Amino acid sequence: MAKQVRVRFAPSPTGGLHLGGVRTVLYNYLFAKQQGGSFIVRIEDTDQSRFVPGAEEYIFDTLEWCGLQPDESSRHGGAYGPYRQSERKESYRSYAEQLIQKGFAYYAFDTAEELDAMRNRLRTAENPSPQYDHTVRGQMRNSLTLPENEVADLLASGTPHVIRIKMPEDETVRFHDLIRGEVSFDTSLVDDKVLLKADGMPTYHLAVVVDDHLMEISHAFRGEEWLPSAPVHVLLWRQLFGEEAMPQWAHLPLILGPNGKLSKRDGAKYGFPVFAMNWKDPKSGEVTEGFRERGFLPEAFINMLAILGWNDGTEQEVFSLDALIAKFSIEKVHKGGAKFDFDKAKWFNHEWIKRLPASGYRDSVHQLFSQQGLEIQDQTYFEKVLDLVKDRCTLLGDFWDQSQFFFKAPKNIDLTPIKAKWNEDKVAFFHSFSKALRSISDWTPASLEQLFKQLAEQSAIKPGEVQLPLRLMLVGGKFGPPVFDIATLLGKEETAARIEAALEEMKDMR
RNA sequence: GCCGCGUUCGUCUAAGGGCUAGGACACCACCCUUUCACGGUGGUGAUACGGGUUCGAAUCCCGUACGCGGUACCA
């Protein structure tokens, strides 16, 4: 009887969700969907001091934008709630006490000062960070060293204390990692981690094991930074629930910045986003830019993240979410960390802009245009314009530069490229062209071009010589899609009007 | 320091004993295009180092170097 696949992602609400976090959700999500299992999001807010208001909402908003909706979460509810660890607080203590009874944990009454003193006393050049482990626990104030009645008194009088795991002295903990294979640790080198804090909240170590058990998690994927504490979790599983029921682990490689683990600072320093969406720290008021606001499509963002650390063994790089679900395999996730490359990220966005129909991002661009003070009246026209210019757009913001002239005549025309060769013949040509436009019956780029060339030849002008001027008249500069495509979309009246207006403005040139 | 995990073009990666180590981004050149792009063709460019095992190693083993992570009553 196989356990149903149930994966979870457990962010801590201490700030924005960075690339590594979103990728962890993504891989969890892909795996769950592929296996027909469920995907739940649990909030790890056991550290009350670092809790940032609004961060939880931000996390769910991010997941929503990315299209990675959890089946169960503190936002949507479900069968395994509550999904906020602070609301599960009461259940953890009994597990910790159960461990003490079995001799796998103990009470520790050491104050912060006593811990500092121990560390200062033991600190040497060879041992810069002394641990609370089997070598020192015999000298500390805990239920291993204190007489039983004294421990009982301390407990009864409500003395602040924590519960620590009692690491075995000479064991090798082995476990299988879906990505790395067999991993092993010598327990005598692992410290006695705190399981339950003085405020009654569990640490991550206890909480993750208890919650994964209670929520019947079958697979636990998390960042590589958790690998060193994995032996603690494996031991806890053995002692509490039996190793057979333990989820399968997979430790995902880190996403690196230009130097080391990608940080918020890297984004500011090198000019690229590290969060999916804008994040405003409520305390400092500092805003960290997001990919969404930078002009990324969620499809591209997800695609780029998936590829940063995984591929299906072929040369395919562009995947939709559905394709990712179909092709993903946790075994093919890479072992080594990957350095984030913003150029490649932009390439993915460009690809998705080209591939998606304009309707896929029309609303986002519309919003951008509104911010520029431009309101779109005709949706059909709008989409046609977007489809025409999309090849030239890497970020959504590029649509403004590439297409604003479709909605309003250019204010300033840059005449320098044609100034030298401008003459009366050309003026006459454009007058006759704008007049001839009105009589054209087949309003297509091809017939427009034909008319243009015909007229040019009649005026003994090379069509190439007047093509750039026409572009300048219509859009204001040396940019944009093919001129006749522009004119076609602009319509007869507007095209003619822009030519006449430009001619008027160019009167005193020459 | 100790522990752990890694290491193929500048970057992301393919090739899990066997053709001239393949692709993508970036860069360069040419073609297409009388704008800018898209597109097309080609180019520069990598198996960290040293030992083994083998007829044969990027691939397996050992060592070294380097990188990253962890070493909290943070997650």
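Throughout, protein chains are lettered first and strands after them, A, B, ... in sequence-line order, and every chain is numbered starting at 1. Given the structure is predicted, the values throughout are model-derived calculations rather than measurements.
- Distances shown here put every side-chain N or O of A:Lys344 at or beyond 4.0 Å from the OP1 or OP2 atom of B:G23.
- Checked against B:G70, B:C74, B:C12, the side chain of A:Lys197 finds its nearest nucleotide in B:C74.
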side-chain contact (heavy atoms from CB on, under 4.5 Å) between A:His213 and A:Trp237, worked out: CA-CA 9 Å; A:His213 172 255; A:Trp237 265 99; 3.6 Å; yes
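- Contact annotation: A:His334 reaches the phosphate of B:U13 (side-chain N/O to OP1 or OP2, under 4.0 Å).
- Across all strands shown, B:G45 has no partner, as no Watson-Crick or G-U wobble contact with both distances under 3.5 Å is found.
- The side chain of A:Ser12 lies closest to B:A75 when the candidates are B:C68, B:A75, B:A72.
- For B:C12, the OP1/OP2 oxygens have no side-chain nitrogen or oxygen of A:Asn311 closer than 4.0 Å.
- In terms of polar N and O atoms assigned as donor or acceptor, the side chain of A:Arg392 never comes within less than 3.5 Å of the base of B:C38 in a complementary pairing.
- Across all strands shown, B:C73 forms no Watson-Crick or G-U wobble pair with both key distances under 3.5 Å.
- For B:A75, one of the phosphate oxygens OP1 or OP2 lies less than 4.0 angstrom from a side-chain nitrogen or oxygen of A:Thr46.
- In this structure, B:C38 forms no base pair with any nucleotide, since neither Watson-Crick nor G-U wobble geometry is met with both distances under 3.5 Å.
- In the interface, the side chain of A:Arg180 is not paired with the base of B:C5 through any donor and acceptor atom under 3.5 Å apart.
- At the heavy-atom level, A:Ile307 lies under 4.0 Å from the strands shown only through sugar-phosphate atoms.
- Classification of A:Glu465 and A:Lys426 as a salt-bridged pair holds, one side-chain N sitting under 4.0 Å from a carboxylate O.
- Counting only heavy atoms from C-beta on, A:Gln131 has its side chain closest to B:U71 among B:C38, B:U35, B:U71.
- Taking the P atom of each, B:C12 and B:G52 are spaced 32 Å apart, rounded to whole Å.
- Rounded to whole Å, the C1' atom of B:A57 lies 11 Å from the corresponding atom of B:U47.
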From CA spacing to verdict: side-chain contact (heavy atoms from CB on, under 4.5 Å), A:Ile353, A:Phe399: CA-CA 10 Å; A:Ile353 286 179; A:Phe399 277 105; 3.8 Å; yes
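- Contact annotation for A:Val183: backbone-only contact, meaning every heavy-atom pair under 4.0 Å involves sugar-phosphate atoms and none involves a base.
- For A:Gln85 and A:Asp211, the side-chain atoms include at least one donor-acceptor pair closer than 3.5 Å.
- Within 4.0 Å of A:Pro481, counting heavy atoms only, lies at least one base atom of the nucleic acid.
- With a 3.5 Å ceiling on both atom-pair distances, the Watson-Crick or G-U wobble partner of B:G10 is B:C25.
- As rounded to the nearest Å, B:G10 and B:C30 have P atoms that lie 25 Å from one another.
- Going from the C1' atom of B:C74 to that of B:A15 covers 41 Å, rounded to whole Å.
- Put simply, A:Lys261 has a side-chain N or O that comes within less than 4.0 Å of OP1 or OP2 on B:G70.
- To the nearest angstrom, P of B:C36 lies 17 Å from CG of A:Asp398.
- Taking CD1 from A:Ile307 and CG from A:Leu324, the interatomic distance works out to 7.0 Å, rounded to the nearest 0.5 Å.
- Results of the side-chain contact (heavy atoms from CB on, under 4.5 Å) test with A:Phe348 over A:Lys346, A:Glu351, A:Lys344 single out A:Lys344 as the only residue that passes.
- Position along RNA chain B of the nearest nucleotide to A:Asn259 versus A:Pro463 favours A:Pro463 as the more 5'-ward residue.
- At a threshold of 4.0 angstrom between heavy atoms, the contacts of A:Val162 include nucleobase atoms, whether or not backbone atoms are also involved.
- The gap from the P atom of B:C3 to that of B:A46 amounts to 36 Å, rounded to the nearest Å.
- The stretch residues 110-127 of chain A participates, sequence neighbours left out, in these salt bridge (Lys or Arg N to Asp or Glu O under 4.0 Å) pairs: A:Glu114-A:Arg141.
- Across all strands shown, B:G16 forms no Watson-Crick or G-U wobble pair with both distances under 3.5 Å.
- B:U59 and B:U54 are spaced 13 Å apart, taking the C1' atom of each and rounding to whole Å.
- Considering only side-chain N and O atoms, A:Arg164 lies under 4.0 angstrom from the phosphate OP1 or OP2 of B:C73.
- At B:U13, none of the side-chain N or O atoms of A:Lys332 fall inside 4.0 Å of OP1 or OP2 (strictly under the cut-off).
- Across B:A21 and B:A48, the matching P atoms stand 15 Å from one another, rounded to whole Å.
- Comparing B:C73, B:G69, B:A24 against the side chain of A:Leu254 picks out B:G69 as the nearest.
- Distance from the side chain of A:Asp391 is smallest for B:C38 among the nucleotides B:A75, B:U35, B:C38.
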Salt bridge (Lys or Arg N to Asp or Glu O under 4.0 Å) assessment of A:Lys453 paired with A:Glu457: CA-CA 6 Å; A:Lys453 286 186 171 162; A:Glu457 263 155 49; over 6 Å; no
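- Here B:G50 sits opposite B:C62 as a Watson-Crick or G-U wobble pair (both hydrogen-bonding atom distances under 3.5 Å).
- For A:Asp341, the listed nucleotide lying nearest its side chain is B:U11; candidates were B:U11, B:G1, B:G69.
- With a 3.5 Å ceiling on both atom-pair distances, the Watson-Crick or G-U wobble partner of B:C5 is B:G67.
- Residue A:Phe348 is classed as having no contact, given no heavy-atom separation below 4.0 Å to the nucleic acid.
- Using a 4.0 Å heavy-atom criterion, one finds that A:Lys346 contacts no nucleic acid atom at all.
- With both ends at atom C1', the span from B:G69 to B:A75 equals 14 Å, rounded to whole Å.
- Taking 4.0 angstrom as the limit, A:Lys478 places none of its side-chain polar atoms (N or O) nearer than this to OP1 or OP2 of B:U34.
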